[in-house]
Undergrad: 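This is the structure I have questions about; it appears just below.
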Amino acid sequence: MRKESLGSPIPMEDESELLALRRARLDTWRELGIDPFGEAYPGAEGCRQVIENYADDRPVRIAGRLISKREMGKNVFAHIQDETGKLQVYAQVQGLGDKFAFWKLLDIGDFIGGEGTLFTTKTGEKTVRLSDLRILSKSLRPIPSQWYGLSDVEQRYRQRYVDLIVSEDARRVLLLRSRIVCEVRRFFEAKEFTEVETPMMQTVAGGAAARPFVTKHNALGIDLYMRIAPELYLKRLLVGGFTKVFEINRNFRNEGISRRHNPEFTMLEAYWAYADFEEMSRLVEELITSVAQKVMGTLQVGGRAASEDGIVAALPPIDLTAPWPRKRYHDLVKTAAGEDWFTITHQERRERCAALGVEISPAMEDFEVTNQIFEKLVEAKTRNPLFVTHLPKELVPLARQNTADPSVVDVFELIIGGQEVAPGYSELNNPVVQRQRLEAQAGEEQQNLDEDFLAALEYGMPPAGGIGIGIDRLVMTLTGAESIRDVILFPLLKPKPA
RNA sequence: GGCUCGGUAGCUCAGCGGUAGAGCAGGUGACUCUUAAUCACUUGGUCCAAGGUUCGAAUCCUUGCCGGGCCA
């Protein structure tokens with residue numbers, strides 16, 4: 001019964017007492033000549049607005065969802081809630097007249113509208129004394145307890161709308177996400193970048209190494225791939241003469257789901273002609289600090305403040321104060337694994353991994369063993385922002401090689417809170433080298449080569465810097481959310497069997 | 001994919017071989033400044049599913065489904 005009630009419509013003859021009672025109230029409203037799914041109710045102030053613009057006896061018009069009710073015979077206190085917050089309303093028999101009887105028919109969860117004047121209760125809460133009350137929409141299902149909330153994570157994600165009704169924290173984080181995206185756009189606009197939209201359905205899924213989702217175009221009779229990255233199209237725009245472009249949109253990767261991975265996720269990519277990875281690192285630093293300051297109001301982020309839901313910081317806050325350190329990959333590995341790391345033998349490195357508690361598999365190449373050291377001993381332990389620069393070229397095959405040291409590439413990886421938040425490159429614009437790299441990457445599957453992209457590069461792409469920022473992870477970092485599902489409104493879950 | 005934890009009333013949870021429980025929500029009644037309102041009475045369950053063990057299974061075993069965490 002419990003699971004049945006989650007998503008599927010409940011058969012009338014089988015419904016629980018709670019649902020039957022609410023359904024029966026529909027008829028009672030209709031007998032009163034009132035449509036319980038009423039018409040528009042324009043002109044209501046937001047709950048927070050009412051409180052912020054408080055003045056004794058000021059007339060107000062309000063609307064929201066009824067979330068609590070305290071009936072005391074001939075008067076009632078209740079709270080309504082909207083996107084902006086909660087507001088207490090108060091009703092007395094002599095104030096509402098016949099409409100006072102509506103309280104008997106109202107259930108927690110119903111949408112109501114009303115008019116009245118403001119006053120302050122003897123305990124100091126700003127409250128609306130109602131002179132008019134109407135039902136705007138009937139709720140036929142009980143909402144979870146206001147006090148205990150919804151702690152069943154599965155139900156929170158499957159029925160986010162219920163989570164949003166009940167959880168202050170879910171509302172806070174998801175609204176912050178929207179504000180963060182908004183401020184990112186404003187930042188780029190102020191820097192005179194042009195926002196563009198490039199194909200989400202592509203004939204070749206390029207720009208990253210990931211398994212794509214495949215779909216079919218019926219009229220053209222071809223397979224299309226949901227994009228795994230917008231990179232190759234944004235670079236075509238550099239060829240076409242755009243100098244500063246960015247895109248914020250969804251990428252799709254047909255891979256596992258975890259605390260940090262959702263099959264569709266939001267990516268920001270930006271390309272800047274004539275810039276390099278160092279210029280891009282300054283751009284990212286300024287972007288993230290200014291967004292944090294504007295949205296969170298502080299550069300100390302991620303430490304989770306105690307909330308209504310009792311969630312408290314598990315880790316100390318992250319300090320985003322700029323400038324952020326830049327350190328070379330080789331130097332970081334040497335600090336973590338020993339100054340002699342790059343001079344000792346293959347066998348000695350494996351022994352040292354064991355001594356340092358870093359797990360490796362026998363099949364790993366040397367650079368992979370080194371990267372395990374980096375990931376476990378540097379990346380995972382880095383809390384405050386760190387730009388790791390000059391990665392070995394094997395790890396980043398599509399970036400430009402360093403002029404002085406061709407074994408490394410001109411890139412950075414920005415690490416915050418133990419995870420990679422943003423890579424940045426000096427982009428490869430040599431079409432001959434790019435073709436070699438892409439051919440090597442495609443291996444046997446040469447049909448996966450994006451010939452049109454290579455043709456574009458042959459027309460000439462200016463030197464450019466590029467960055468990618470996983471928006472979901474950025475939001476996690478700034479809000480302190482521990483799962484990507486907490487920053488995505490409707491994360492993907494396997495459907496329940498019927 | 002591997003390991004591990006979980007799924008009991010609308011919600012939050014207890015019960016872990018011997019009649020299915022609590023708080024809140026809901027229902028009835030009382031109550032004109034409550035705010036987790038209070039007081040009295042009270043309804044509500046295919047214990048995720050299917051097999052098995054047992055005189056007896058929510059509880060033990062097996063398999064499956066869904067979810068969380070860790071690992072790959």
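Every chain is numbered from 1 and lettered A, B, ... according to where its sequence line falls, protein lines coming before strand lines. Both backbone and side-chain heavy atoms feed into the values below; hydrogens, waters and symmetry mates do not.
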Undergrad: Take atom CE of A:M201 as the centre, draw a 6.0 Å sphere, and report whether it contains more than 12 heavy atoms from other residues, nucleotides or ligands.
TA: no
Undergrad: Can a side chain N or O of A:K122 be found less than 4.0 Å away from OP1 or OP2 on B:U34?
TA: yes
Undergrad: Of the nucleotides B:G10, B:C33, B:G67, which one has an atom closest to the side chain of A:P142?
TA: B:G10
Undergrad: Measure from the side-chain heavy atoms of A:L493 and tell me the nearest of B:G44, B:G67, B:A37.
TA: B:G67
Undergrad: When the P atoms of B:G44 and B:G2 are considered, how many whole Å apart are they?
TA: 44 Å
Undergrad: Just checking A:R58: does its CZ atom have more than 12 heavy atoms from other residues, nucleotides or ligands closer to it than 6.0 angstrom?
TA: yes
Undergrad: Among the nucleotides B:C66, B:U12, B:C33, which one has an atom lying closest to any side-chain atom of A:K494?
TA: B:C66
Undergrad: For B:C33, take OP1 and OP2 only and decide whether either is under 4.0 Å from a side-chain N or O of A:Q92.
TA: no
Undergrad: Can you tell me how far P in B:C24 sits from the matching atom in B:C60, rounded to whole Å?
TA: 30 Å
Undergrad: May I ask you to verify if any side-chain N or O of A:R141 is less than 4.0 angstrom from the OP1 or OP2 atom of B:G10?
TA: no
Undergrad: Tell me whether A:Y148 is stacked on the nucleobase of B:U12, counting only the six-membered base ring and applying the 5.5 Å and 30° thresholds.
TA: no
Undergrad: Are A:Y90 and A:F119 close enough that their ring centers fall under 6.0 Å?
TA: yes
Undergrad: Got more than 12 heavy atoms from elsewhere within 6.0 Å of CG, A:D98?
TA: no
Undergrad: Taking only the side-chain nitrogens and oxygens of A:S145, find out if one of them lies under 4.0 Å from OP1 or OP2 of B:U12.
TA: no
Undergrad: Under a 3.5 Å threshold, yes or no: a donor from one side chain and an acceptor from the other, between A:N371 and A:E375?
TA: yes
Undergrad: Is the phosphate of B:A36 approached by A:S68 (side-chain N or O, under 4.0 Å from OP1 or OP2)?
TA: no
Undergrad: Tell me which nucleotide among B:U32, B:G69, B:U12 gets nearest to the side chain of A:S483.
TA: B:G69
Undergrad: Is it true that A:Q372 and A:R349 share a donor-acceptor pair across their side chains at a distance under 3.5 Å?
TA: no
Undergrad: Quick one: does A:T121 reach the base of B:U34 with a side-chain donor-acceptor pair under 3.5 Å?
TA: yes
Undergrad: Determine the Euclidean distance between corresponding C1' atoms of B:C13 and B:G6; express it in Å to zero decimal places.
TA: 13 Å
Undergrad: Return yes if some donor-acceptor pair links the side-chain N/O of A:K69 with the main-chain N/O of A:W103 below 3.5 Å, else return no.
TA: yes
Undergrad: Under 4.0 Å: is that the gap between some side-chain N or O of A:R70 and OP1 or OP2 of B:U34?
TA: no
Undergrad: Quick check on side-chain contact (heavy atoms from CB on, under 4.5 Å): which of A:L395, A:V358, A:V388, A:L391 does A:F374 satisfy it with?
TA: A:V388
Undergrad: Is A:Q94 side chain donor-acceptor paired with the B:U32 base, going by distance under 3.5 Å alone?
TA: yes
Undergrad: Could you tell me how far B:C47 sits from B:U8 if I compare only their C1' atoms? Round to whole Å.
TA: 4 Å
Undergrad: Taking the same atom, P, in B:G64 and in B:A9, what whole-Å distance lies between them?
TA: 25 Å
Undergrad: Tell me if the side-chain of A:E125 makes a donor-acceptor pair with the base of B:U34, cut-off 3.5 Å, by modelled atom types.
TA: no
Undergrad: B:C11, B:G67, B:C70: which one has an atom nearest the side-chain heavy atoms of A:R158?
TA: B:G67
Undergrad: Less than 4.0 angstrom between a side-chain N/O of A:K496 and OP1 or OP2 of B:C66, yes or no?
TA: no
Undergrad: Given the C1' atoms of B:U28 and B:G7, what is the spacing between them in whole Å?
TA: 34 Å
Undergrad: Considering only side-chain heavy atoms of A:D107, which listed nucleotide, B:C66, B:G27, B:C24, is closest?
TA: B:G27
Undergrad: Examine B:G27: is either OP1 or OP2 under 4.0 Å from a nitrogen or oxygen in the side chain of A:R25? Give yes or no.
TA: yes
Undergrad: Using a 4.0 Å cut-off on heavy atoms, which residues in residues 351-360 of chain A reach RNA chain B? List them by number, or say none.
TA: none
Undergrad: When rounded to the nearest Å, what value does the distance between P atoms of B:U19 and B:G26 take?
TA: 32 Å
Undergrad: Please measure how far the P atom in B:G23 lies from the corresponding atom in B:A37, and state the result in whole Å.
TA: 16 Å
Undergrad: From B:U12, B:A36, B:C11, pick the nucleotide closest to the side chain of A:W147?
TA: B:A36
Undergrad: Quick one: which of B:C33, B:U34, B:G67 gets closest to the side chain of A:R129?
TA: B:C33
Undergrad: Look at the aromatic rings of A:F213 and A:F252 and report parallel, tilted or perpendicular, splitting at 30° and 60°.
TA: perpendicular
